[in-house]
Amino acid sequence: VQLQASGGGLVQAGGSLRLSCAFSGRAFSDYVMGWFRQAPGKEREFVTAISWSGSNTYYADSVKGRFTISRDNAKNTVYLQMNSLKAEDTAVYYCAAAKRVIFRSVGYDYWGQGTQVTVSS
């Protein structure tokens with residue numbers, strides 16, 4: 001399995017970014033997809049996840065109401081729409097794939113390479 005994340009960049013506080021993660025190598029719809037992030041000097045943390053069909057989504061409290069995860073199973077791609085960005089959202093964002101719904105990084109089988117998101121205040 002390969003995951004290729006893209007869409008990161010530099011944005012001002014209050015702005016928006018949309019991350020994408022392209023999945024290949026296995027049946028995309030067999031996997032729960034998640035996004036994690038890691039800021040300098042901090043542990044990797046759960047951001048959001050979406051179930052196999054996209055009918056259920058899960059968010060960390062810190063991003064609830066600002067971030068939206070979605071997936072297109074026909075395109076083997078998961079998205080993360082990030083609105084109202086804050087300086088504390090600055091981190092490397094990783095997409096990941098798991099066989100079940102889980103909010104801990106150890107439960108994910110495959111990881112993308114990460115994409116940097118920097119929010120200037």
Side-chain angles (χ1 to χ4, degrees):
V1 171
Q2 289 190 326
L3 301 175
Q4 182 70 41
S6 61
L10 174 64
V11 63
Q12 288 189 332
S16 298
L17 278 175
R18 188 193 196 204
L19 306 183
S20 299
C21 176
F23 177 104
S24 63
R26 293 276 177 93
F28 181 57
S29 58
D30 285 350
Y31 290 87
V32 170
M33 297 300 297
W35 287 95
F36 288 76
R37 66 187 181 186
Q38 188 166 18
K42 294 188 176 182
E43 293 187 353
R44 190 170 297 188
E45 65 173 358
F46 170 80
V47 176
T48 180
I50 187 166
S51 62
W52 305 265
S53 66
S55 57
N56 294 297
T57 56
Y58 313 86
Y59 296 94
D61 288 343
S62 58
V63 306
K64 204 170 292 184
R66 299 187 298 122
F67 290 12
T68 302
I69 189 172
S70 61
R71 67 190 294 163
D72 186 335
N73 284 356
K75 295 182 178 180
N76 292 350
T77 302
V78 61
Y79 304 97
L80 179 61
Q81 178 67 44
M82 305 185 293
N83 298 329
S84 303
L85 282 161
K86 306 175 181 179
E88 50 263 44
D89 294 318
T90 296
V92 177
Y93 283 71
Y94 299 89
C95 58
K99 279 291 195 176
R100 59 191 178 103
V101 175
I102 189 166
F103 307 139
R104 296 177 295 146
S105 59
V106 295
Y108 284 75
D109 301 306
Y110 304 103
W111 291 83
Q113 84 287 5
T115 185
Q116 176 71 47
V117 172
T118 303
V119 184
S120 62
S121 56

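Just the heavy atoms: all of them, side chains too, but no hydrogens, waters or symmetry mates, feed the values below.
Ring-plane geometry between Phe46 and Phe36 is classed as perpendicular, the angle between the planes exceeding 60 degrees on a 0 to 90 degree scale with a lower cut at 30.
Rounding to the nearest 0.5 angstrom, the gap separating the NZ atom in Lys86 from the OG atom in Ser121 is 13.0 Å. The distance from the OG1 atom of Thr68 to the CE atom of Met82 is 11.0 Å, given to the nearest 0.5 Å. The CG atom of Leu17 lies 8.5 Å from the CD atom of Gln81; values are rounded to the nearest 0.5 Å.
Counting heavy atoms from C-beta outward, Val32 and Arg100 have side chains that stay 4.5 Å or more apart. Counting only heavy atoms from C-beta outward, the side chains of Asp89 and Arg66 approach each other to under 4.5 Å. Residues Arg37 and Ser62 form a side-chain contact, since some pair of their non-hydrogen atoms from C-beta on lies under 4.5 Å apart.
Cluster partners of Leu10, using a side-chain heavy-atom cutoff of under 4.5 Å among ILVMFWY residues and allowing indirect links: none.
Contact record, Ala98 with Gly107: CB-O, 3.6 Å, taken as the closest heavy-atom pair. Scanning both residues, Tyr31 and Ala97, for their nearest heavy atoms gives CD2-CB, 3.9 Å.
The local environment of NZ in Lys99 is crowded, with over 12 non-hydrogen atoms from other residues, nucleotides or ligands closer than 6.0 Å.
By the criterion of side-chain heavy atoms lying less than 4.5 angstrom apart, applied directly or through intervening Ile, Leu, Val, Met, Phe, Trp or Tyr residues, Phe103 is grouped together with Trp52 in one hydrophobic cluster. Both Val11 and Leu19 are part of a single hydrophobic cluster, where members link through side-chain heavy atoms under 4.5 Å apart.
Judged by distance alone, the side chain of Arg26 and the main-chain N or O of Val1 form no donor-acceptor pair under 3.5 Å. Side chain of Thr90 to backbone of Val119: a donor-acceptor contact under 3.5 angstrom is found.
Among residues at least two apart or in separate chains, there is no ring-ring contact (aromatic ring centres under 6.0 Å, His included) pair with a member in residues 60-96. The list of side-chain hydrogen bond (donor to acceptor under 3.5 Å, both in side chains) pairs with a residue in residues 106-116, not counting sequence neighbours, reads Gln116-Thr118.
Shown here are the side-chain contact (heavy atoms from CB on, under 4.5 Å) partners of Lys64, two or more places apart in sequence or in another chain: Tyr59, Asp61. Scanning for side-chain contact (heavy atoms from CB on, under 4.5 Å) contacts around Phe28 gives Phe23, Met33, Arg71, Asn73, Asn76, Val78, with sequence neighbours left out. Considering only residues two or more places apart in sequence or on other chains, Ser53 meets the side-chain contact (heavy atoms from CB on, under 4.5 Å) condition with Ser51, Ser55.
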